[in-house]
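Numbered from 1 within each chain, the chains take letters A, B, ... in sequence-line order. Note that these values count all heavy atoms, side chains included, but never hydrogens, waters or copies made by symmetry.
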Number of protein chains: 2
Amino acid sequence: MLERRNGIDLPSDCQGSGAVLARIGDKWSVLVLLADGPMRFNELKRKIAGISQRMLTRTLRGLERDGLVTRTVYGTIPPRVDYALTCLGHSLRTPVEALGLWAIAHLPAIEQARQAFDLRGKKELGA
Amino acid sequence: MLERRNGIDLPSDCQGSGAVLARIGDKWSVLVLLADGPMRFNELKRKIAGISQRMLTRTLRGLERDGLVTRTVYGTIPPRVDYALTCLGHSLRTPVEALGLWAIAHLPAIEQARQAFDLRGKKELGA
DNA sequence: CGGTATCCAGGAAGATACTG
DNA sequence: CAGTATCTTCCTGGATACCG
């Protein structure tokens with residue numbers, strides 16, 4: 001994604017950051033990540049409350065593909081499928097939770113900055 | 001603290017996580033965030049290498065609106081505009097860099113998981 | 001130099017219906 | 001229960017051209 005061109009490179013950690021953010025930056029992945037303990041499909045769907053069946057399937061497939069969750073199918077009727085975090089998936093929770101803590105701490109400041117910014121925009125229009 | 005899991009709703013702090021991820025989860029914000037020191041528009045554009053003028057403008061506006069960067073216009077000719085991280089913006093670097101470190105450490109594992117996953121998919125098609 | 005304005009393609013995500 | 005298939009809408013992001 002980030003090609004090195006004409007000599008100037010971004011800090012090396014950008015490569016990874018970009019890929020990881022593409023993975024967890026989507027609308028639902030983090031929520032799945034934070035829903036811990038092995039869970040069945042509809043259990044997750046209920047817990048996440050708002051996700052569509054389609055998006056939950058897609059999100060879980062993506063996480064499974066990246067080795068962040070395991071998918072265990074029991075050949076029973078009715079079918080039962082369990083999803084659980086892998087070791088790798090669990091380890092990702094640490095930095096993600098750090099981000100969550102930052103969000104809790106600073107979201108009010110962000111909201112405030114937004115209002116101030118939008119207000120300035122309005123005034124310029126009026127002037 | 002993030003682990004409250006009594007089945008009903010997501011922890012309240014997920015809202016914040018979601019909002020922050022929506023902010024930095026886009027394709028370019030993090031790169032701007034990590035490019036430190038006050039920088040002029042084209043300086044940033046060169047450093048990020050691959051971003052279009054339009055997206056850099058949009059990204060910077062978004063970050064400015066959220067109070068993460070400042071935009072300083074000098075009324076000179078030719079024009080000069082400096083962008084710098086605010087205190088808030090700088091503080092966000094810590095968790096973002098933590099995520100970057102995780103990425104560096106585990107990206108190989110992810111790549112490997114992907115290949116294994118895709119391979120399994122192919123075999124099933126063959127069978 | 002530092003932007004805006006406009007157009008366009010592709011993917012993300014929702015709603016709905018059907019299946020083993 | 002745990003999905004797939006399909007259709008549609010929205011948004012992101014790239015390309016291009018012009019402006020103060």
Verdict with supporting geometry, B:Met39 and B:Asp82, side-chain contact (heavy atoms from CB on, under 4.5 Å): CA-CA 5 Å; B:Met39 286 213 197; B:Asp82 275 11; over 6 Å; no

Nucleotide [N], atom [atom2] - distance to [atom1] of [X] in whole Å:
{"X": "A:Ile48", "N": "D:dA2", "atom1": "CD1", "atom2": "P", "value": "14 Å"}
{"X": "B:Gln53", "N": "D:dG13", "atom1": "CD", "atom2": "P", "value": "17 Å"}
{"X": "A:Met55", "N": "D:dT4", "atom1": "CE", "atom2": "P", "value": "13 Å"}
{"X": "B:Leu56", "N": "D:dG14", "atom1": "CG", "atom2": "P", "value": "11 Å"}
{"X": "A:Arg61", "N": "C:dA12", "atom1": "CZ", "atom2": "C1'", "value": "18 Å"}
{"X": "A:Met39", "N": "D:dC1", "atom1": "CE", "atom2": "C1'", "value": "17 Å"}
{"X": "A:Lys45", "N": "C:dG14", "atom1": "NZ", "atom2": "P", "value": "11 Å"}
{"X": "B:Leu60", "N": "C:dG3", "atom1": "CG", "atom2": "P", "value": "8 Å"}

Apply side-chain contact (heavy atoms from CB on, under 4.5 Å) to the pair B:Ile24 and B:Val96, showing each step before the final yes or no. CA-CA 9 Å; B:Ile24 65 164; B:Val96 165; 3.9 Å; yes

Distance check: side-chain N/O of [X] vs OP1/OP2 of [N], anything under 4.0 Å?
{"X": "A:Arg40", "N": "D:dG3", "result": "no"}
{"X": "A:Tyr83", "N": "D:dC1", "result": "no"}
{"X": "A:Arg54", "N": "D:dC7", "result": "no"}

Show, in sequence, the C-alpha distance, side-chain angles and deciding distance for B:Asp118 and B:Arg120, and conclude whether the salt bridge (Lys or Arg N to Asp or Glu O under 4.0 Å) test is met. CA-CA 5 Å; B:Asp118 295 347; B:Arg120 282 201 298 279; over 6 Å; no

With a non-hydrogen cut-off below 4.0 angstrom, is [X] in contact with a base, only sugar-phosphate, or nothing?
{"X": "A:Lys27", "answer": "sugar-phosphate"}
{"X": "A:Arg58", "answer": "sugar-phosphate"}
{"X": "B:Tyr74", "answer": "nothing"}

When you measure from the side chain of B:Asp26, which nucleotide among D:dC1, C:dG2, D:dG13 comes out closest?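 Nucleotide nearest to B:Asp26's side chain: D:dG13.
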
Determine, using the 4.5 Å side-chain heavy-atom cutoff (strictly less than), whether B:Val81 and B:Trp28 are members of one ILVMFWY cluster.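 Linked, B:Val81 and B:Trp28 end up in one cluster.
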
What I want to check is whether the side chains of B:Trp102 and A:Ser91 have a donor and an acceptor closer together than 3.5 Å.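 Yes, A:Ser91 and B:Trp102 have a side-chain donor paired with an acceptor closer than 3.5 Å.
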
Residue closer to the 5' end of DNA chain D, A:Thr57 versus A:Pro78 (nearest nucleotide):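 The residue whose closest nucleotide sits nearer the 5' end is A:Pro78.
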
